[in-house]
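Order of the sequence lines sets the chain letters (A, B, ...), proteins ahead of strands, with each chain counted from 1. Only a predicted model underlies this, so the values are computations on that prediction, with no experimental measurement involved.
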Amino acid sequence: ATAAAAQDISTGLDHFYLIYAGALVFFMQLGFAMLCAGSIRAKNVKNVLLWNLMDSCGGGLAFWVTGYAFAYGGEDDSPTWTFIGYKNFFLMGDDVNLSYWFFQFAFACAVSSIVAGTIAERTQMKGYLFYSLFLVGFVYPVVAHAFWSTNGFLANTNAEPLWNSGAIDFAGSGPVHMLGGVTALMAAIVLGPRLGRFHDDDGQILEVPNDIPGHSTPLAILGTFALWFGWYGFNPGSTFSASTAVAGEVAALVAVNTTLAAAAGAISAMFTSTYFNYRIEGVHTYDVAYTMNGLLTGLVAITAPCASVDSWAAVVIGIVAGWAYLAGSKLLVKLRIDDAVDAIPVHLVGGMWGLIAAGLFSTPELLEKAYGQSEHVGWFYEWGRGSGNFTLIGTQLIGILFIFGWTTAIMYPFFWLLNVFGSLRVDPMEEHAGMDISRHNGSGYIIEKQDKLLDASTSL
Amino acid sequence: ATAAAAQDISTGLDHFYLIYAGALVFFMQLGFAMLCAGSIRAKNVKNVLLWNLMDSCGGGLAFWVTGYAFAYGGEDDSPTWTFIGYKNFFLMGDDVNLSYWFFQFAFACAVSSIVAGTIAERTQMKGYLFYSLFLVGFVYPVVAHAFWSTNGFLANTNAEPLWNSGAIDFAGSGPVHMLGGVTALMAAIVLGPRLGRFHDDDGQILEVPNDIPGHSTPLAILGTFALWFGWYGFNPGSTFSASTAVAGEVAALVAVNTTLAAAAGAISAMFTSTYFNYRIEGVHTYDVAYTMNGLLTGLVAITAPCASVDSWAAVVIGIVAGWAYLAGSKLLVKLRIDDAVDAIPVHLVGGMWGLIAAGLFSTPELLEKAYGQSEHVGWFYEWGRGSGNFTLIGTQLIGILFIFGWTTAIMYPFFWLLNVFGSLRVDPMEEHAGMDISRHNGSGYIIEKQDKLLDASTSL
Amino acid sequence: ATAAAAQDISTGLDHFYLIYAGALVFFMQLGFAMLCAGSIRAKNVKNVLLWNLMDSCGGGLAFWVTGYAFAYGGEDDSPTWTFIGYKNFFLMGDDVNLSYWFFQFAFACAVSSIVAGTIAERTQMKGYLFYSLFLVGFVYPVVAHAFWSTNGFLANTNAEPLWNSGAIDFAGSGPVHMLGGVTALMAAIVLGPRLGRFHDDDGQILEVPNDIPGHSTPLAILGTFALWFGWYGFNPGSTFSASTAVAGEVAALVAVNTTLAAAAGAISAMFTSTYFNYRIEGVHTYDVAYTMNGLLTGLVAITAPCASVDSWAAVVIGIVAGWAYLAGSKLLVKLRIDDAVDAIPVHLVGGMWGLIAAGLFSTPELLEKAYGQSEHVGWFYEWGRGSGNFTLIGTQLIGILFIFGWTTAIMYPFFWLLNVFGSLRVDPMEEHAGMDISRHNGSGYIIEKQDKLLDASTSL
């Protein structure tokens with residue numbers, strides 16, 4: 001009787017845990033929306049906020065219709081590898097754990113929101129809706145299936161995982177962030193830069209690219225804190241359970257590592273950019289946008305290895321993430337690829353680094369605890385075993401190649417076709433005016449000047 | 001010994017669950033505050049933010065003094081129907097589950113905040129405080145008692161519920177949202193429209209009403225996301241327990257349905273308004289305010305049926321909610337009732353639709369699971385039983401009539417009296433100037449222009 | 001077997017509870033950031049937001065390196081009193097409960113953020129980073145050790161607590177808030193007031209000090225709600241467990257008391273300031289900043305006694321907190337100490353009042369329940385026992401003296417030295433221009449005026 005009672009409590013508790021964690025992951029949508037809105041110009045603020053709403057709304061419906069089914073539908077314990085799931089479309093069937101669906105829905109919407117920032121200020125609503133539904137309903141589920149379904153070819157939960165190892169990606173540096181980042185890159189290449197970013201009015205390339213700073217730092221930082229907060233659902237929630245000591249201890253380690261990598265990423269990006277700026281300009285300035293993006297890159301990077309690395313490694317991963325972000329950001333400018341919020345260096349570069357880091361720093365003890373297997377461990381620990389075996393790091397690289405290959409192969413043609421059919425980029429006149437006026441019935445900020453008592457010189 | 005251990009854990013877990021859910025519901029106060037503030041003019045932003053603070057503060061104290069006692073004090077398992085509770089004023093007595101109180105407090109404050117938006121920009125602080133305390137301390141508790149106390153005449157938890165059925169309102173489409181919406185309607189009728197909304201300076205009716213858009217879309221969307229997030233406490237939390245498999249599974253279904261109805265409401269309102277606008281103006285525009293309010297109406301509508309309908313029904317309920325919102329919003333304008341944030345169509349219309357939807361779509365299996373009874377089920381499922389019995393839908397309609405009757409009968413005279421005694425509407429001069437200057441020591445936004453180094457043309 | 005199962009669930013649940021509560025406490029960083037940003041001038045908004053990011057980032061690393069070790073490292077069940085912990089630097093060792101670390105990390109960062117607001121608009125980044133790391137890495141841990149480590153000289157968890165009682169501070173009115181407030185006071189004294197606050201351009205003292213209102217009330221209220229929300233992790237989370245009935249019931253009481261004290265503090269500060277203003281100016285005005293700070297002072301004050309007082313006492317504590325805040329705020333102005341966001345009256349005065357209140361209102365029953373001891377109880381209840389014994393209130397006063405003594409002794413010289421070495425205050429030219437332009441690559445708000453279609457008179 002009491003064993004049944006314990007089972008009853010455990011089941012209830014695990015539902016609670018996933019609903020809680022899913023709610024926090026959902027909160028990241030608020031974070032993405034505010035980060036995006038603050039990081040672009042005021043004239044497109046309504047547009048980008050509506051996109052972010054649509055990521056949750058359209059994305060939510062797309063994940064209900066096909067997304068969940070393609071990612072996890074019909075998975076079983078057999079060693080079979082499948083490309084895609086095939087059951088539970090429209091949540092049909094009684095075999096779906098609904099709190100798991102809810103948690104996964106929130107994950108799926110994050111993928112789409114990652115892209116929103118990059119392509120802001122020049123993309124049509126129509127084009128946005130098309131790719132957002134496509135991404136959440138099909139492209140992401142295929143990768144989630146590969147990494148996380150028991151029938152995925154990269155899944156370490158498969159009965160016979162790849163190379164007897166499978167890839168280590170605890171909460172989605174790869175399937176969520178890197179996939180979002182690669183999609184953003186494809187979109188940015190096809191779309192081209194915003195008017196005035198790299199070219200003057202005559203189309204000549206500017207010697208010094210024109211920075212287009214965001215219109216509100218408070219909104220951007222609000223978004224950053226909200227994302228960080230939500231990440232405490234994203235990463236620890238990926239234990240899917242809180243009803244055992246092991247699950248709780250893994251979740252606790254994950255929370256600690258998430259914290260340290262975020263902190264280290266911010267510190268690393270801030271001081272590094274301060275140092276380089278000091279060498280050029282001779283004055284100490286501290287850049288808020290770099291700091292914030294370094295922080296986010298640290299979070300992205302720790303997402304894969306968070307359950308299998310020690311806290312010192314989380315700090316190292318964060319520090320390198322800060323550098324990787326800065327390097328990626330500079331490279332994009334050099335390549336004249338315009339990313340309105342620097343989401344590509346954050347999510348693509350950070351996600352890739354996260355997958356690699358899991359292949360380098362994962363310890364035998366923690367792998368055993370979190371995944372129940374430690375035949376193949378992080379490369380640095382393979383050294384400790386005197387082997388230098390490349391299996392785990394190799395699997396991680398396969399994961400990177402798979403994400404990169406799949407996403408470019410499907411999204412580049414997709415954006416290219418959208419563009420050919422005139423559904424991707426807004427016309428230049430609209431871009432100049434801003435889309436809030438052209439497409440959303442007026443500016444996102446309205447100031448009344450009609451009242452005589454309101455002293456216009458002192459009040460906003 | 002271990003049965004006691006299981007009981008000990010369950011009790012602790014359920015407290016945690018209610019504290020967690022209550023905190024999320026409380027977070028909706030942040031959402032209401034930001035939604036309201038963003039949806040009105042900048043000159044009244046401090047005023048409306050202070051109101052929202054007072055909903056939690058005054059409301060919290062009112063719920064402590066009388067609200068909880070009237071709603072739930074002294075309820076028992078007898079079949080007796082009572083009008084009102086009579087114990088636990090000031091939380092006196094040792095028989096109150098304090099985490100339940102906390103969760104219910106957060107619910108109660110939401111009622112008051114719903115009204116704040118509608119009557120913004122023209123109501124006196126004094127009048128606001130009076131009605132807010134009255135609503136949370138007395139008017140709402142009576143309705144909460146009727147629906148949710150075991151001695152309520154509409155409660156399905158009563159030992160002998162109405163028509164052997166009782167009303168189905170899982171988390172408050174009726175007692176919270178519809179009640180708030182009806183109160184807002186009464187207030188808006190007595191108050192009259194804002195200056196310049198439907199009349200010109202000479203008091204002549206304008207042919208085309210004057211839209212008064214909110215001053216900050218980012219704040220409004222921030223509030224919308226915050227409300228959506230908080231709803232994951234509001235709805236799933238209404239299981240009051242997470243320590244059994246059944247409770248967990250019901251909560252999970254609730255989270256999924258809440259998500260889908262919100263998404264469908266947003267999509268429905270957005271595309272419908274885009275379609276009609278396209279037919280008139282020939283250009284595709286996507287209205288952010290309509291989308292956001294459609295989303296919220298979807299949330300309001302799913303609140304009653306969230307535990308007893310399938311996911312496809314949640315989508316249908318959301319789609320209809322989007323249309324119902326648009327229709328309600330147009331109707332209000334036609335009737336020249338001025339609702340500064342469109343809270344009436346969202347909460348009154350959405351709440352009413354939610355109660356009806358529970359009477360149409362509730363399935364036997366889910367009613368059995370969530371409520372332990374399925375003698376009377378949703379009308380569409382009565383058909384399936386070959387009966388077409390009207391009992392459940394009938395009970396729901398009684399619930400609607402009760403809320404409408406009780407609230408109008410008590411709140412219309414209340415606002416009318418406030419108005420007669422000059423405590424409701426601010427004077428026109430104050431309304432023109434904005435209340436931040438007249439009553440709150442200055443504007444809510446301050447910009448310095450004194451610094452020479454600050455280029456006024458490029459910096460806010 | 002099932003006893004082990006129950007233990008397994010409990011452990012998992014308690015980790016979940018601490019991760020949840022820690023995430024909510026972390027959310028307070030968002031609150032502090034927005035409250036600070038909204039309460040200062042627009043020209044320093046990036047600067048203060050970056051500080052708040054650094055409180056979490058630098059603070060997080062400092063707590064990892066030394067903070068946790070000094071506060072809790074190596075504590076045991078012996079009656080020994082120690083000054084400081086000595087183990088678990090860099091989280092080394094396998095004996096750290098990681099979810100406890102995570103929860104405590106979030107606490108530690110709050111201390112630093114309290115100070116940020118007070119010294120805003122005139123402090124160098126360098127100076128900020130120095131004191132922030134020093135505070136989180138050393139100064140706060142010493143006080144946390146004294147109150148909360150089992151080897152602390154004030155800890156009621158010590159095997160032989162001070163005067164057989166130890167101090168009652170459930171969640172940190174003292175070690176977190178009062179310590180932060182005293183540090184802020186030391187900094188404000190050494191720094192001096194902002195230019196133009198108490199003196200004219202020639203350095204003559206102004207007869208009427210110059211108010212410098214914050215630039216955005218919505219941001220400040222957003223921050224206030226976020227802090228209140230986070231406090232539901234801060235206070236209830238300090239049970240450290242949710243897996244027993246007692247822990248759950250204590251947490252529930254804490255949530256209720258936290259709510260009521262916040263509400264009472266806001267109401268008390270608002271109506272009191274309205275009353276005094278009415279006597280002077282003859283018009284009813286309602287000050288948003290006073291209300292918000294009264295609310296926060298109520299929260300600070302209830303933090304120590306929240307687990308050991310009845311709900312009516314929470315209301316009384318909140319009301320007095322509102323008055324104490326107003327008095328403290330006026331006193332600071334009289335002493336010409338410039339606190340940019342009034343954090344000193346909120347946290348120092350509120351924290352001190354909280355420690356005293358715990359010594360006055362703690363009931364025998366609740367002390368027994370929450371702390372397992374009731375030999376010495378709140379002074380008013382000592383009366384009830386016919387004793388009037390001063391032991392508990394005396395211990396609380398020792399706690400206040402210790403915090404005040406330790407913090408002033410170490411932080412005043414620290415700030416004084418920073419100042420001597422020119423690392424504390426920015427130069428006047430920079431202060432006039434604002435630090436966003438001088439140190440952070442431009443204003444925090446950017447408005448484009450280039451687009452002809454954008455009507456500058458109606459759009460922000």
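- With a 4.5 angstrom heavy-atom cutoff, B:S10 does not touch chain C via any of its atoms.
- Neither the backbone nor the side chain of C:L219 comes within contact range of chain B, judged by heavy atoms closer than 4.5 Å.
- Between C:R439 and C:V426, the closest side-chain pair of non-hydrogen atoms is not below 4.5 Å.
- Proximity to chain B (any heavy atom under 4.5 Å) is shown, for C:E249, by both the backbone and the side chain.
- C:L299 is not listed as a side-chain neighbour of C:L227, based on a closest heavy-atom distance of 4.5 Å or more.
- Residue with the most contacts toward chain B among C:A266, C:A255, C:A262, C:A245: C:A245 (heavy-atom pairs, distance under 4.5 Å).
- In this structure, the portion of B:F105 lying under 4.5 Å from any heavy atom of chain C is its side chain and not its backbone.
- Contacts of C:Y290 with chain B are absent, with no heavy-atom separation under 4.5 Å from either backbone or side chain.
- Neither the backbone nor the side chain of B:M435 comes within contact range of chain C; no heavy atoms are under 4.5 Å apart.
- Residue contact with chain B, scored on non-hydrogen atoms closer than 4.5 Å, involves the backbone and the side chain of C:Y17 alike.
- For chain B, no part of C:V254 is nearby; none of its heavy atoms comes within less than 4.5 Å.
- The aromatic rings of B:F26 and C:F225 sit tilted, their planes meeting at an angle between 30° and 60°.
- Within the 4.5 Å cutoff, no side-chain heavy atoms of C:F16 are placed close to those of B:Y20.
- Counting heavy-atom pairs under 4.5 Å between each of B:V48, B:V96, B:L53 and chain C puts B:L53 at the top.
- Enclosure of atom CG in B:D95 by more than 12 non-hydrogen atoms of other residues, nucleotides or ligands within 6.0 angstrom is indicated.
- There is no contact between C:W231 and chain B, counting heavy-atom distances below 4.5 Å.
- Of the residues considered (C:N277, C:L295, C:I267), C:I267 shows the highest number of contacts with chain B, using heavy-atom pairs under 4.5 Å.
- Chain C forms more heavy-atom pairs under 4.5 Å with one residue of B:L222, B:T11, B:I9 than with any other, namely B:I9.
- Chain C forms more heavy-atom pairs under 4.5 Å with one residue of B:G442, B:S99, B:G12 than with any other, namely B:G12.
- Both the backbone and the side chain of C:A251 come within contact range of chain B, with heavy atoms under 4.5 Å apart.
- Contact of the B:V111 side chain with the B:V136 side chain is not registered, since no non-hydrogen atoms from C-beta on lie closer than 4.5 Å.
- Between chain B and the residues C:V256, C:V288, C:T244, C:I221, the largest count of heavy-atom pairs under 4.5 Å involves C:T244.
- Comment: C:R194 does not engage C:E431 in a salt bridge, judged by the lack of any side-chain N to carboxylate O separation of less than 4.0 angstrom.
- Between B:F107 and B:F234, the ring centre distance stays below 6.0 Å.
- Closest heavy-atom contact between B:L135 and B:S112: CD2-CA, 3.9 Å.
- Heavy atoms closer than 4.5 Å to chain C are found in the backbone of B:F90, but not in its side chain.
- Looking at B:A37, there are no atoms closer than 4.5 Å to chain C (heavy atoms on both sides), in backbone or side chain.
- Close placement of the B:Y68 and B:Y72 rings is indicated, their centers lying within 6.0 Å of each other.
- The nearest pair of heavy atoms linking B:S241 to B:D14 is OG-OD1, 3.1 Å.
- At a threshold of 4.5 Å between non-hydrogen side-chain atoms, the residues B:F102 and B:L98 do not count as touching.
- In terms of heavy-atom pairs under 4.5 Å with chain B, the best-connected choice from C:A264, C:A289, C:A242 is C:A242.
- For B:L18, no part sits under 4.5 Å from any heavy atom of chain C, backbone or side chain.
- For C:T259, the part sitting under 4.5 Å from any heavy atom of chain B is the side chain, from C-beta outward, and nothing else.
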Item to check | Audit row: B:F32, B:C109, side-chain contact (heavy atoms from CB on, under 4.5 Å) steps and yes/no | outcome: CA-CA 11 Å; B:F32 281 118; B:C109 298; over 6 Å; no

